[in-house]
Amino acid sequence: MPITPATSTHSSSNGTAEAILLELVDENGTTIGTAEKLAAHQPPGQLHRAFSVFLFDERGRLLLQQRALGKYHSPGVWSNTCCGHPYPGEAPFAAAARRTYEELGVSPSLLAEAGTVRYNHPDPESGLVEQEFNHLFVGLVQSPLHPDAEEIGDTVFVTAAELAERHAKDPFSSWFMTVLDAARPAVRELTGPSAGW
């Protein structure tokens, strides 16, 4: 994983990872504290700040990622281009751009805010709970992907019709349709009416 100014403050000097802290928020998205990442996802879950990125190619196809099998939360399922949590004090936009580069090896183009959505999604497989105030972003991917194999098992670009087929037969993250539906107005604005989103 590349060391960026944001990630360097979250790695210890001997190379071992420190506990990752998330920003806890109230129902309005106002920061009220911090919690360790895994603890925030233990039932019943603590409401925390998150982000979701949806990147499209020049043909209006959505880039999906399959989460790596080694991930502790929702391994092996398909989800949106990138998602994660800002570090405490990190702007969601900066976190979305940083994490997209760390996971996929690309910097998004025309990355734009697409609103927020609040949800509570228990994951029956892991027993963890996604209790999130999620900042949504849409943009374009215009360069070759270089996925981090520790984070991503596979990637695919899909049309709206192909997504519907894949979603009917493949496992997806519990939050995927919630964040996609919330981002659709911005997705349509970015991709145009002919893309079918």
State, yes or no, whether a side-chain contact exists between [X] and [Y] at a heavy-atom distance under 4.5 Å.
X: R67; Y: V77; value: yes
X: R166; Y: V156; value: yes
X: V158; Y: R61; value: no
X: F54; Y: F137; value: no
X: F176; Y: L163; value: yes
X: H41; Y: H48; value: yes
X: T178; Y: L180; value: no
X: S173; Y: W78; value: no

Kindly compute the distance separating [atom1] ([X]) from [atom2] ([Y]), expressed to the nearest 0.5 Å.
X: E58; Y: S109; atom1: CD; atom2: OG; result: 11.0 Å
X: L128; Y: H121; atom1: CG; atom2: NE2; result: 14.5 Å
X: N28; Y: T31; atom1: CG; atom2: OG1; result: 11.5 Å
X: L190; Y: R184; atom1: CG; atom2: CZ; result: 14.0 Å
X: L69; Y: I152; atom1: CG; atom2: CD1; result: 13.0 Å
X: I32; Y: D26; atom1: CD1; atom2: CG; result: 6.0 Å

Any donor-acceptor N/O pair, [X] side chain to [Y] backbone, under 3.5 Å:
X: E36; Y: L38; answer: yes
X: R49; Y: G29; answer: yes
X: Q66; Y: G76; answer: yes
X: E23; Y: P86; answer: no
X: N80; Y: C82; answer: yes

(message) The test is side chain to side chain contact (heavy atoms under 4.5 Å, CB included); show your working for W175 and D123 and say whether it passes.
(response) CA-CA 9 Å; W175 62 87; D123 178 39; over 6 Å; no
(request) Might you work through the side chain to side chain contact (heavy atoms under 4.5 Å, CB included) test for D148 and E102, ending with a clear yes or no? (result) CA-CA 7 Å; D148 178 349; E102 290 172 355; over 6 Å; no
(request) Inspect the contact between R98 and E90 and indicate whether a charged nitrogen and a carboxylate oxygen are less than 4.0 angstrom apart. (result) yes
(request) Answer yes when E132 and R118 have at least one side-chain N-carboxylate O distance shorter than 4.0 Å, and no when they do not. (result) no
Could you tell me which non-hydrogen atom of [X] sits nearest to which non-hydrogen atom of [Y], and how far apart they are?
X: V106; Y: P144; result: CG1-O, 3.0 Å
X: L55; Y: P108; result: CD2-CB, 3.6 Å
X: L111; Y: F93; result: O-CE1, 3.4 Å
X: W197; Y: T159; result: CZ2-C, 3.7 Å
X: Q65; Y: T81; result: NE2-O, 2.9 Å
X: C83; Y: S52; result: CB-OG, 3.9 Å

Hey, quick one: are [X] and [Y] part of the same hydrophobic cluster, counting side-chain heavy atoms closer than 4.5 Å, chains of contacts allowed?
X: L140; Y: V187; answer: yes
X: V179; Y: F51; answer: no
X: V138; Y: V141; answer: no
X: L136; Y: L110; answer: yes

(request) Check step by step if side chain to side chain contact (heavy atoms under 4.5 Å, CB included) holds for T155 and L104. (result) CA-CA 9 Å; T155 59; L104 291 157; 4.0 Å; yes
(request) Could you tell me if the ring centre of F133 sits under 6.0 Å from that of H135? (result)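 Ring centroids of F133 and H135 are less than 6.0 Å from each other.
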(request) Verify side chain to side chain contact (heavy atoms under 4.5 Å, CB included) between M177 and F172, making sure each step is shown before the conclusion. (result) CA-CA 9 Å; M177 286 310 298; F172 273 72; over 6 Å; no
(message) Within the supplied structure, the quantity of interest is the number of heavy atoms (other residues, nucleotides, ligands) at a distance under 6.0 Å from E162 CD; does it exceed 12?
(response) yes
(request) Please say whether more than 12 non-hydrogen atoms of neighbouring residues, nucleotides or ligands are located less than 6.0 Å from CD in E113. (result) no
